[in-house]
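Inspection log for the structure reproduced underneath, given as structure tokens.
Just so you know, residue 1 is the first one in the sequence shown, and it goes up from there. Heavy atoms only: backbone and side chains are in, while hydrogens, waters and symmetry mates are out.
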Amino acid sequence: MAVQDTTTHNTGSGSGSRAREERTPVTPARGSHHARNSLRLRALEPLLWLGPALALILGVVIWPVVEMVRTSLMDISSTGVTRGFAGSANYAELFAEPDLPGVVLRTLVWVVGVVTVTITVSLALAQLLNSRFPGRRMVRWALIVPWAASVLMTALTWRWMLNNFYGVVNRVLMDVGILDKPVNWLAHPAQAFAWMMAVAVFVSLPFTAFVILSGLGTIPAEVYEAARLDGAGPARTYLSVTLPLLRPSLLVAAIINVINVFNSFPVIWAMTRGGPGFATDTTTTYMYKLAFDNQAVGESAAMAVVNFALILLVVLVYLRVVRRREELS
């Protein structure tokens, strides 16, 4: 009888426990839900750090590009009043301009020539500054001056130096017997364009040289020691060791120079204003003339879109060539 009571008591107790378990919420499920929410919040934490940068990119880069494309599709008067949607009319007028092919070709010559000369000279200059010699620190400081100075001020200074009446360039060339009489360098398109390219190289050298110099500083001395033990001479060491290890620095220098030179408005505008006529214009100054001289705001915006597409194309082609060379090597 006692056994039966005990069994009945145990059975009742088990039934009550099962009933309580059915009524009580499962704690692990609640914990897993809380863990999922915590993981979601943790995944959103990077947005707190990236948010300001993304907002800056959106406001400074994305929105102006969208506005530029929108303006190129509008019919805008010379006073800035939007008269409606123009579609592709601005692009049709732009591509019908007789001066546009020459301007685009001149821009490509300008970019390729200035960037190539700048990087070539900067390689030699960085190699010189990387060696030890008396007064090296002063030379490095002096190299910063053209970069620290205003590009517009530098271009104006060169314009005065090239003046045929009081310019120091004519005076020096006449004193050494190279010229018999002063030359108005900026009056002839070919000479003016060559001088502008020289000034663009002059203002681009400091940044490029210091980028390459920083790359030279990251090359370990053990690499050169190993090359010397293998019997490699200075030229072979430079071509087989230094240049391959400088590829990241050269890539950064080339891309930034392409963008800066492509958009180099102050040098051209301060020295020749793109003249005579459109003979020394690039797409940047030509775009400015369309907007303010011809009062064609929509056509100028279309030129800005073409300009943006051209610079993207140049950078992408350059990256493609560099990547293919790395794959082949």
(request) Check whether any side-chain N or O of S300 sits under 3.5 Å from a backbone N or O of M287 as a donor-acceptor pair, and report yes or no. (result) yes
(request) Would you please say whether a donor-acceptor pair under 3.5 Å links the side chains of T208 and N257? (result) yes
(request) Go through the structure and list residues passing salt bridge (Lys or Arg N to Asp or Glu O under 4.0 Å) with R136, not counting sequence neighbours. (result) none
(request) Give the minimum heavy-atom separation between L179 and N170, together with the two atoms involved. (result) CD1-OD1, 3.5 Å
(message) If the test is side-chain contact (heavy atoms from CB on, under 4.5 Å), which one of V104, T284, T282 qualifies with N307?
(response) T284
(request) With sequence neighbours excluded, tell me which residues meet salt bridge (Lys or Arg N to Asp or Glu O under 4.0 Å) with E225. (result) R228
(message) Quick check against the 3.5 Å criterion: does D230 have a side-chain atom that pairs as donor or acceptor with the backbone of A232?
(response) no
(message) Distance check, rounded to the nearest 0.5 Å: T154 atom OG1 versus F202 atom CZ?
(response) 6.5 Å
(message) I'd like to check the salt bridge (Lys or Arg N to Asp or Glu O under 4.0 Å) partners of D99; sequence neighbours left out, ordered by chain and number.
(response) none
(request) Quick one: pull up CG in L250 and CG in L243 and give me the separation to the nearest 0.5 Å. (result) 7.0 Å
(message) Once salt bridge (Lys or Arg N to Asp or Glu O under 4.0 Å) is applied, do any residues pair with R140, and if so which ones, sequence neighbours excluded?
(response) none
(request) Not counting sequence neighbours, list each pair that qualifies as a side-chain hydrogen bond (donor to acceptor under 3.5 Å, both in side chains) and has a residue in residues 54-73. (result) E67-R70, S72-Y91
(message) I need the full list of side-chain hydrogen bond (donor to acceptor under 3.5 Å, both in side chains) pairs touching residues 101-126, with sequence neighbours left out, sorted by first then second residue.
(response) none
(message) Working to the nearest 0.5 angstrom, can you tell me the gap between I212 CD1 and L125 CG?
(response) 9.0 Å
(request) Over all heavy atoms of both residues, which pair between A304 and M68 is shortest? Give the atoms and the distance, please. (result) CB-SD, 3.4 Å
(request) Please answer whether the main-chain N or O of R273 pairs with a side-chain N or O of K289 as donor and acceptor at a distance below 3.5 Å. (result) yes
(request) Flag yes if more than 12 heavy atoms outside D180 fall under 6.0 Å of its CG atom; otherwise flag no. (result) no
(message) Please give me the minimum heavy-atom distance between T237 and A227, naming the atom from each residue.
(response) OG1-CB, 4.1 Å
(message) Check whether S264 reaches the backbone of N260 with its side chain - one donor and one acceptor, N or O, closer than 3.5 Å.
(response) no
(message) For G274, is there any backbone N or O sitting under 3.5 Å from a side-chain donor or acceptor partner on T272?
(response) yes
(request) Examine distances only and state if a side-chain atom of R171 and a backbone atom of Y166 form a donor-acceptor pair shorter than 3.5 Å. (result) no
